[in-house]
Amino acid sequence: MNALEAIRNRFAVALADIAEPDKVDSLLGMIRPAQDDKFGDYQANCAMPLGKQLGRPPRDIATGLVAAVSLDDLCDAVEVAGPGFINLTLKEDWIKSRLTEALSDDALGVQKVEKPRNVVVDFSSPNVAKPMHVGHIRSTVIGDALAKIHRFLGHRVITDNHLGDWGTQFGMIIYGYKHFVDNAAYTADPVVELGRLYKYVRVIMDYHGAVAQLPAAQELLDKQHTALTRVSGEQHEDKAALKKQKKDIARLKEKMVDQQALVEKLQQTIAGAQSDTGLMSAADAHADIAKSVLAETVKLHEGDTENKGLWDKFLPYCLADINRLYDRLNIRFDHVLGESFYHDQLAAVVEDFIQRKIATESDGAICVFLDGYDAPMIIRKQDGAYLYPTTDLATIQYRAEEWQADAMLYVVDHRQHDHFDKLFDAARLWGYKEAELTHVSFGTVLGDDGKPFKTRAGDTVGLEGLLDEAESRALAIAIEQNPELEESRQQEIGRVVGIGALKYADLSQNRSSDYKFSYDKMLALRGNTATYLQYANARVHGIMRNLNVTPASLKAQTGDFIFAEPVERQLSLQLLRFEEVLNDVLVEYKPNLLCNYLFDLAQLFARFFDQCPVRDADSQAQQKSRLQLCALTSGTLTTGLGLLGIESLERI
RNA sequence: GCCCCGGUAGCUCAGCCGGAUAGAGCAGCCGCCUCCUAAGCGGCAGGUCGGAGGUUCGAAUCCUCUCUGGGGCGCCA
């Protein structure tokens, strides 16, 4: 039982007597860790709102509460301060006995939740056959961490990688294979050749697309220009009209900047293609490539033997390709049920929607109209093809019925917010009202310039290159810091530190905000980084190594805890907050709360390391106590990092 | 036009279902290795929490308006 929960339980009894029953929970929520040491360890802020509700002075309420709550075995000082804050200081004996419990427990005293849920975590979900890029890493890393934390707290977790394995990109590869394959290259390395084919077809399609789009884009730009000239030339007398004119001009100019950029981009695409004569002859020979690609996709979906055969042939290579990345990131999934898994269920989904009269036909498409949205959710196109909302609905059905999911978490970037709002509304209309459906959204990864992270050439940055760079930078530091270590150890440190830094950079940020990617910040040796935590952990192990003890040997024969320096008590309290923080993480699915916690823990340990000699402790008993704190610290850091999907080492 | 998400120290960001003097890291300045990993520790300096109203005993946090940046908005995913 963590301290916060213990305190809340005691207050719950007392509050039941004086507060309205439905208010008790929110009042208990006002008991929280104290913001400042001088206010004790925890503070209860519920007397002020209670005073208002009951029409009595809050200080009286606070005093009454203090008298009514039985905390004798838990807290020392219980003080009423200011307008009615109740400041609580935990008894040292209570802290010490919790530490002793944690020391002998593999889960560090963290208890399983009382009501485990079946939680499906849908994350990563890349389109196979397209190169994975930096945008995929946030979903992958955040989803993995949330799954691990759920599991650690006793929930039944199912992770599912909902691959895009049935879309247009296969039409592209199939078309590419049929027309452009280099058989020697394919035999030598199918993955590389398929990747090349995808890009090749993409470039040709983009070229034709740009050629088709450019005149209209140019025309629109000209129109905007004309409009700007016209509006600018207008003469107005009254202020309101003048203001409107100014606003219109500003808006038009803004639009023109965007439109100009679009035109330039199209021109660049065309010029880029034209500079490659080989490509141009292919482009000329395949003028209808977009239509043909679509046709190949349709044939695949309709079960065409040849295309389905190619799909069956290509898919394992595509999977092997992405699995190489998952291996490097050390990430596994319980299931990999991509879009293709659901394709034969889609017709039935749409039929069911029609039969239940929650979908209607509009302009030949089958639509679900939802309150609060102008645009409907289309589940079948005019041409009879299904769309991703259809697949997503089938997926919800499957997860609810096959897996009895109590919660489905979708770790997907924030741009799909509207899609998920609609999807969830539609699913509830359909009858899936029980399960929690949550879009765990996250922001965009930006470059130094504040724009979506791209290479100088304008391509999205490949994930593979990102991992390479992170590792090689970390390796350089590892060699510099540990010149005496053998090379394989340095390599190992480089790998663990580099990958850890990359993951932590994503996790430590509030997931909802965009974040600026920077190798330098990520691999900084100080500050709130994985490296700092790994370093702290390595230092703990250094102490234990020097004194020839292990967490296991300490566990075998525990001793008393002694708080000589203030930092020892602070460190202890922080160690005991682990469970509390893990529960906090799951309230809003925010792994950064765990990062913050671990960073605070590491900082406290660094102070402990400075102020509390272990080898040269004053007594055997004190040394024992400090070693036990070391064991708990390394256990918590290692476990905490592990829950974030980050490895730790005993020496870095 | 409508909808969503941001704006907090020079920079990168925490804090946001209201709580006591707004935090951290980086960058800057000053100290600390005869001492368990200095990939460290201590200290100094730095903020009208975009702006204006409002609700409240109390607002970075809630409400309204406004400025500003980003994203999304019928047959792509």
Side-chain angles (χ1 to χ4, degrees), chain A residues 26 29-30 32 34-36 38-39 43 45 48-49 51-52 57-58 81-85 87 125 127 164 167-169 339 362-367 369 372-383 385-389 391-392 412-419 421 441 443-444 446 448 450-452 474 477-478 480-482 493 497 508-510 512-516 518 520-521 523-529 531-532 534-536 538-547 587-588 592-593 595-596 599-600 602-603 605-607 609-617 626 630 651-652:
Chain A
S26 87
M30 293 173 184
R32 55 187 62 180
Q35 280 199 339
D36 194 314
K38 73 179 179 216
F39 300 134
Q43 61 183 62
N45 302 337
M48 282 84 81
K52 164 141 284 184
F85 295 104
N87 293 335
S125 307
N127 284 315
T168 318
Q169 80 270 33
E339 293 170 339
S362 168
D363 295 336
I366 304 301
C367 301
F369 288 91
Y373 297 95
D374 293 336
M377 192 172 79
I378 296 175
I379 55 176
R380 195 173 74 199
K381 295 199 285 180
Q382 283 175 332
D383 64 8
Y386 304 105
L387 295 127
Y388 71 108
T391 310
D392 284 345
V412 180
D413 79 83
H414 70 282
R415 284 172 306 200
Q416 300 205 31
H417 184 80
D418 279 2
H419 162 63
D421 271 356
S441 71
T444 310
L446 307 174
D448 283 335
K451 293 184 177 145
I477 297 165
E480 190 186 311
Q481 298 289 337
N482 302 288
I493 292 169
V497 170
S508 58
Q509 186 113 9
N510 182 334
S512 65
S513 38
D514 292 347
Y515 93 95
K516 280 192 191 169
S518 147
D520 291 333
K521 189 184 156 196
L523 282 168
L525 309 173
R526 289 179 280 278
N528 190 359
T529 62
T531 314
Y532 180 81
Q534 289 166 328
Y535 175 67
R539 294 215 292 180
V540 188
H541 279 281
I543 295 175
M544 295 194 286
R545 195 164 47 238
N546 270 311
L547 292 170
V587 173
E588 287 182 278
N592 70 308
L593 298 181
C595 297
N596 291 344
F599 179 54
D600 289 343
Q603 278 188 312
F605 173 75
R607 270 166 53 198
F609 184 89
D610 241 42
Q611 298 171 11
C612 302
V614 180
R615 187 187 56 209
D616 303 326
R626 287 181 175 168
C630 285
R651 173 177 256 152
I652 71 170

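Throughout, a chain's letter reflects where its sequence line sits, starting with A, and its residues are numbered from 1. In this text, all values refer to a predicted model and were calculated from it rather than measured experimentally.
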May I ask you to say what [X] touches in the nucleic acid, namely base, sugar-phosphate or nothing, with a heavy-atom cut-off under 4.0 Å?
| X | result |
| --- | --- |
| A:Asn482 | base |
| A:Cys630 | nothing |
| A:Met30 | nothing |
| A:Arg651 | base |
| A:Ala81 | base |
| A:Asp36 | nothing |
| A:Pro58 | nothing |
| A:Gln534 | nothing |
| A:Phe609 | base |
| A:Glu339 | sugar-phosphate |

> Is there a donor N/O on one and an acceptor N/O on the other, under 3.5 Å, for the side chain of A:Asp413 and the base of B:rA77?
Replying inline: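 For A:Asp413, whose side chain was compared with the base of B:rA77, there is no donor-acceptor pair (under 3.5 Å).
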
Measure from the side-chain heavy atoms of [X] and tell me the nearest of [options].
| X | options | answer |
| --- | --- | --- |
| A:Phe599 | B:rG19, B:rA24, B:rA38 | B:rA24 |
| A:Tyr535 | B:rA39, B:rA20, B:rG19 | B:rA39 |
| A:Arg539 | B:rA38, B:rC13, B:rA20 | B:rA38 |
| A:Ala606 | B:rA14, B:rG74, B:rC41 | B:rC41 |
| A:Leu387 | B:rA77, B:rU12, B:rU37 | B:rA77 |

> What's the base orientation of B:rC65: syn (chi within 90° of 0) or anti?
Replying inline: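 It is anti.
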
> Does B:rA20 have A:Phe39 stacked on its base, where the ring centres are within less than 5.5 Å and the planes differ by under 30°?
Replying inline: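 One would call A:Phe39 stacked on the B:rA20 base.
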
>> So is the aromatic ring of A:Tyr532 stacked onto the base of B:rA39, judging by whether the centres are under 5.5 Å apart and the planes are under 30° apart?
In response: no

Gap between atoms [atom1] and [atom2], on [X] and [N] respectively (whole Å):
| X | N | atom1 | atom2 | answer |
| --- | --- | --- | --- | --- |
| A:Asn45 | B:rC57 | CG | P | 17 Å |
| A:Arg607 | B:rC32 | CZ | C1' | 16 Å |
| A:His414 | B:rC73 | NE2 | P | 12 Å |

> Counting only side-chain N and O atoms of A:Asn127, is one of them less than 4.0 Å from OP1 or OP2 of B:rC76?
Replying inline: no

> Who does B:rC26 pair with, Watson-Crick or G-U, both distances under 3.5 Å?
Replying inline: B:rG10

>> Can you tell me the base-pairing partner of B:rA38? Count Watson-Crick or G-U wobble geometry only, both distances below 3.5 Å, and say none if there is no partner.
In response: none

>> Take a 6.0 Å sphere around CG of A:Asp383 and say whether it holds more than 12 heavy atoms from other residues, nucleotides or ligands.
In response: yes

> Would you say A:Phe599 and A:Ser508 make side-chain contact, with heavy atoms under 4.5 Å?
Replying inline: no

